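Let me begin by presenting the structure, written as structure tokens, before commenting on it.
Because the structure is predicted, anything quoted here is derived from the model rather than measured.
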Amino acid sequence: MKICRNNLIQCAKICLILLCVAICLSAQKISLGKNELQSFERSIDEGRIDEVEKNLFNYVVANPKDAVGFSLLAKLRLKQDRPNEARSLSQKALMLDPNLLSAKLNLALVSIQLGEIEQAQLLLNGISENEITSNTIRLNLSQTFALAGDCAKALITVDKLPLRIKNRDALPLRGVCYLETGDKKSFDSLIPIAKALAKLDPAVAVKFAELLNKAGKPKEASDLLRSIVTTAPKNILALLLLARSEIYLKDFANAKLHLDRAEKLRPDSAEMLFVKSLLEREMGNAVQSLDLLEKALAASPNDVEILAQFVLTTMRTNQAGRAVRAAENLLNRQPDNLEFLYLYGAASLQNNNLEAAETSLRKFTESRPQDARGCLALGLTFAAQPDKLQEARQQMQRCLEINPNNYEASYQLGLSYKTQGETAMAVKYLEETVRLAPNNALALRDLGAVYLQSGAEVKARLLLEKAVALNPKDAETHFQLSRLYNLTGQRELAKTHLEIFQKMKNTGKNGI
């Protein structure tokens, strides 16, 4: 009997030991899992996607009940532009843990990426204050509000952060939202804070410098970036942004200097090639700019900023077909992006795809009725269709209501009356165009031609001679000068300009 009692006690001791070991191992596993997940998240945030993808996937397979693992894999898929997979993974995470805020934020980001803005806002507005358990989560929530187009909520959310976070990690977000809401005074108040971060946190200061460029403040951006590259001479993002600022300021020599420094650090990077293309474009070298853009796209084919610039440059080099295809690519990626809609409409107009141009530009102007670019492009689309002359004129009048100094709208109105032989109205609008843009060679030429047609040779001569001096490669100007000199009895001059006109026409060289 005593032996049995001793055996029972011994068995109980062994079970207790095994239980303790199991509890320790379980705690150790939880601790290891938590550390591993934190490491995965750091890698994702730092952009080391390829490095972490396989290990994170294996972790999720090995831990099928870990909601955080699924949420992190969803975050990674979002970074890879795979929104449908990210949505499924986030929904799985919420099945495992209905209160997991990171999964809710991922779902909102998926909706934003797919253009489902109302759905994203609905998800975000459903998050209660007591779910925000850390400053990091609050910052992420405010950033997601901003991405969903609700900067008012973003600023309210970020305002509850400690000052040290508001003036550091949240600084770029505040800048974005102040710009979005038109609060220029509050935006400008952030500039001294950004300058103080040049040494303390260059990464945040660089993000704010990018905002300064977007806000049309290249001088302020340049000052901030110079202080960053002084203390961090190998910060390639700062060097490239500084070069951009200098390009906007027409400081091409320093822009080239900083691009050369960036190229030594990271040769042939897509961003470096892109900024070099901007420099070439601003220096008037469109062909070289396009060549660099093609190389940048080869290095980063999914970069929408590079692709958008490619559309603009191919349009400038009269490669409308390529521009249309690139703009279609942009719209396929972001169907609700109004800027891409405008680019597609403008490229379609240049390529004479008038139906596509009109559809896109109507949609653009309905969404942005005060945007002068869309207004003018739609007017030009109407003007290219003979049966829509009145619509073209009404549209150009609308452009002048938006901006009375829109000389291009005034010019197009003048042309519409010139082609119909309505001299008085043609003179009215072409004179206004020349007043607004006194060095516009085409407007000078067309007003000169109207004066010539109405018998005002003295006025015509002043304008046509100025036009040819500004643009000697325009064949039509030489033709009008030939007419003028014939009328005034200057036969040799008339002959000279007629020969130039015929030569240009025969060789297809016309600066129009």
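Summarising the geometry of Leu96 relative to Pro64, their closest heavy-atom pair is CD1-O, 3.7 Å, with the distance given to 0.1 Å. The two residues Ala148 and Gln121 have their closest heavy-atom pair at O-NE2, 2.9 Å. The heavy-atom pair separating Leu224 from Ala194 by the smallest distance is CD1-O, 3.6 Å.
A side chain to side chain donor-acceptor pair (under 3.5 Å) check over residues 329-341, counting only residues at least two apart or in different chains, returns the pairs Asn302-Arg333, Asn329-Arg333, Gln334-Asn337, Glu339-Arg368, Glu339-Arg373.
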- [ ] I would like to know whether Ser71 and Asn106 meet side chain to side chain contact (heavy atoms under 4.5 Å, CB included); could you show each step before the answer?
- [x] CA-CA 7 Å; Ser71 182; Asn106 282 339; 3.2 Å; yes

Open item on the list: Could you go through Leu101 and Thr133, starting from their C-alpha distance and side-chain angles, then the distance that decides it, and tell me whether this counts as side chain to side chain contact (heavy atoms under 4.5 Å, CB included)?
Closed with: CA-CA 9 Å; Leu101 188 52; Thr133 55; over 6 Å; no

- [ ] Assess whether side chain to side chain contact (heavy atoms under 4.5 Å, CB included) is satisfied between Phe310 and Arg322, documenting all intermediate values.
- [x] CA-CA 9 Å; Phe310 181 81; Arg322 297 183 74 190; 3.5 Å; yes

Task: Steps toward side chain to side chain donor-acceptor pair (under 3.5 Å) verdict (Gln80, Glu53) - done: CA-CA 10 Å; Gln80 293 176 319; Glu53 181 178 12; 3.2 Å; yes

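Note: Leu259 CG to Lys264 NZ = 12.5 Å, rounded to the nearest 0.5 Å. Note that OG1 of Thr365 and CD of Gln395 are 6.0 Å apart. Values are rounded to the nearest 0.5 Å. From Glu328, atom CD reaches atom CG of Leu343 across 12.5 Å, with rounding to the nearest 0.5 Å. Of the inter-residue distances, the one linking Leu292 atom CG with Leu297 atom CG reads 11.5 Å to the nearest 0.5 angstrom.
One finds a salt bridge joining Lys75 and Asp45 here, because a Lys/Arg side-chain nitrogen approaches an Asp/Glu carboxylate oxygen to under 4.0 Å. Salt-bridge formation is detected for the pair Asp260/Lys256: a Lys NZ or Arg NE/NH1/NH2 atom is positioned less than 4.0 Å from an Asp or Glu carboxylate oxygen. Salt bridge Asp169/Arg164: absent, no basic N to carboxylate O contact under 4.0 Å. In this structure, Asp268 does not pair ionically with Lys295, as no charged nitrogen and carboxylate oxygen lie closer than 4.0 Å.
The side-chain heavy atoms of Lys184 and Tyr178, taken from C-beta on, include no pair separated by under 4.5 Å. Residues Leu197 and Pro202 have side chains not in contact (no heavy-atom distance under 4.5 Å, counting atoms from C-beta outward). Using a 4.5 Å cut-off on side-chain heavy atoms (C-beta onward), Glu246 and Arg226 make contact. Taking the side chain as every heavy atom from C-beta outward, Val68 and Ser102 never approach each other to under 4.5 Å. Here the side chains of Arg82 and Leu78 are not in contact, with every heavy-atom distance at 4.5 Å or above. For the pair Val275 and Ile247, the minimum side-chain heavy-atom distance is below 4.5 Å. Side-chain atoms of Leu278 and Ser289, non-hydrogen and from C-beta on, never get closer than 4.5 Å to each other.
Taking the six-membered ring for Trp and the full ring otherwise, the centers of Phe187 and Phe208 sit less than 6.0 Å from each other.
Partner of Glu271 under the salt bridge (charged side-chain N to carboxylate O under 4.0 Å, His left out) criterion, chosen from Arg266, Lys276, Arg244: Arg244.
Within a 6.0 Å radius of CD in Glu355, no more than 12 heavy atoms belonging to other residues, nucleotides or ligands are found.
Stacking of Lys92 on the aromatic ring of Phe70 is recorded, both the 6.0 Å distance cut-off and the 45° axial limit being met.
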